[in-house]
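Worksheet: the structure to be examined is printed underneath.
Just so we're on the same page: letters track the sequence lines, and every chain starts at 1.
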There are 2 protein chains.
Amino acid sequence: MGTTKSEVFTEEENRIADLAKAFAHPARVAILRLLAEKKACVCGDLVDELPLSQATVSQHLKELKRIGIIKGDIAPPRVCYCIDEVVWNEAMQSFGLLFSSYLKNDCC
Amino acid sequence: MGTTKSEVFTEEENRIADLAKAFAHPARVAILRLLAEKKACVCGDLVDELPLSQATVSQHLKELKRIGIIKGDIAPPRVCYCIDEVVWNEAMQSFGLLFSSYLKNDCC
DNA sequence: AATTTATATCGTAATATTGCGATGAATTAG
DNA sequence: CTAATTCATCGCAATATTACGATATAAATT
């Protein structure tokens, strides 16, 4: 136990859950906002903007990369991060569909 | 450690992260979908639809209630769950704003 | 009053997440 | 070649999450 039983859910349910994870931590929300608004791009600048250690920020960036919603462009010794437009749009559409599937009718 | 440093982030960042948590597990995505499409409402029906134990489903429902995105109407011995329209709309708008804040220009 | 039904909660085990200091790797600057 | 810079990764500790059997609760039914 302690592990999500991914096998028993659909691909789509698992993907939406994963995309949601990108936004499920305030630090990652802050990072995505900075990247979306192009207020920062280089990893170091993100660290400066965030009240977390460099190691912790780097870990959140890694998780966002795993999900695919950001990508990193290496320009040694720096790395420039940015939103992956394709995945961003995928997330926008998936959540949009989900939100709009709500049929307001009287149950409770 | 192991705890999110909520104090150092804005109210809004924390709120968005919390709303995202509602969707950050495939079981909760499945529950919210069923409720959104009104294919289920009573807790027992949700348990029947989901490949998880009653205790686990109940725990996910509790988390969704904590976030506020669903509410439960007690009609003993049953409980009828449904989407909380206000919070659902709050989530829809928050994510909508966030997604549309992405300025596509050339950085990386 | 005893039983049944539906749901919540407890207790526990396993795994995941969060956070950070220290260290490593890769490149540029001197 | 030696630093200095930037970022990733390791290793660890603390806490959170996930899952479920067992049990508790609460009302309806018998």
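Taking 4.5 Å as the limit, some side-chain heavy atom of A:Ile67 sits within range of a side-chain heavy atom of A:Arg15. Inter-residue side-chain proximity for B:Lys65 and B:Lys71 is flagged as unmet; no heavy-atom pair is nearer than 4.5 Å.
More than 12 heavy atoms of other residues, nucleotides or ligands sit less than 6.0 Å from atom CD of A:Glu37.
The list of disulfide (SG to SG under 2.5 Å) pairs with a residue in residues 55-102 of chain B, not counting sequence neighbours, reads B:Cys41-B:Cys80.
To the nearest 0.5 Å, atoms CG (B:Asn89) and CD1 (B:Ile83) are separated by 10.5 Å.
Using a 4.0 Å heavy-atom cutoff across all strands shown, A:Val47 reaches no nucleic acid atom at all.
A:Val42 is not connected to A:Ile69 by any chain of hydrophobic side-chain contacts under 4.5 Å among Ile, Leu, Val, Met, Phe, Trp and Tyr, and they are in different clusters.
A heavy atom lying under 4.0 Å from DNA chain D marks none of the residues of residues 15-24 of chain A.
Between B:Arg78 atom CZ and C:dA8 atom P the separation is 13 Å, expressed in whole Å. Atom CG in A:Leu64 sits roughly 14 Å away from atom C1' in C:dT18 (whole-Å rounding). Put simply, NZ on A:Lys62 is 14 Å from P on C:dA16, counting in whole angstrom units. One interatomic measurement links the two molecules: CG of B:Asp73 to C1' of C:dA6, which rounds to 15 Å at whole-angstrom precision.
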Exercise. Would you check, one step at a time, whether the test side-chain contact (heavy atoms from CB on, under 4.5 Å) holds for A:Phe95 with B:Leu98?
Key: CA-CA 12 Å; A:Phe95 283 104; B:Leu98 187 43; over 6 Å; no

Self-check item: Evaluation steps, salt bridge (Lys or Arg N to Asp or Glu O under 4.0 Å), between B:Asp18 and B:Arg66
Solution: CA-CA 10 Å; B:Asp18 230 30; B:Arg66 182 192 65 75; 3.1 Å; yes

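Relative ring orientation between B:Phe99 and A:Phe23 is described as perpendicular, the plane-to-plane angle rising above 60° on a 0-90° scale split at 30° and 60°.
Taking the side chain to side chain contact (heavy atoms under 4.5 Å, CB included) definition, one finds that A:Ala30 meets it with A:Leu50, B:Glu13, sequence neighbours left out. For B:Val86, the side chain to side chain contact (heavy atoms under 4.5 Å, CB included) partners two or more places apart in sequence, or in a different chain, are B:Asp84.
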Quiz item: Where along nucleotides 19-30 of chain C does protein come under 4.0 Å, by heavy atom, of base (B) or sugar-phosphate alone (S), with - for untouched nucleotides?
Solution: BBB-----SS--

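The span of DNA chain D lying next to chain A, judged by atoms under 4.0 Å from heavy atoms, is bounded 5' to 3' by D:dT5 to D:dC20.
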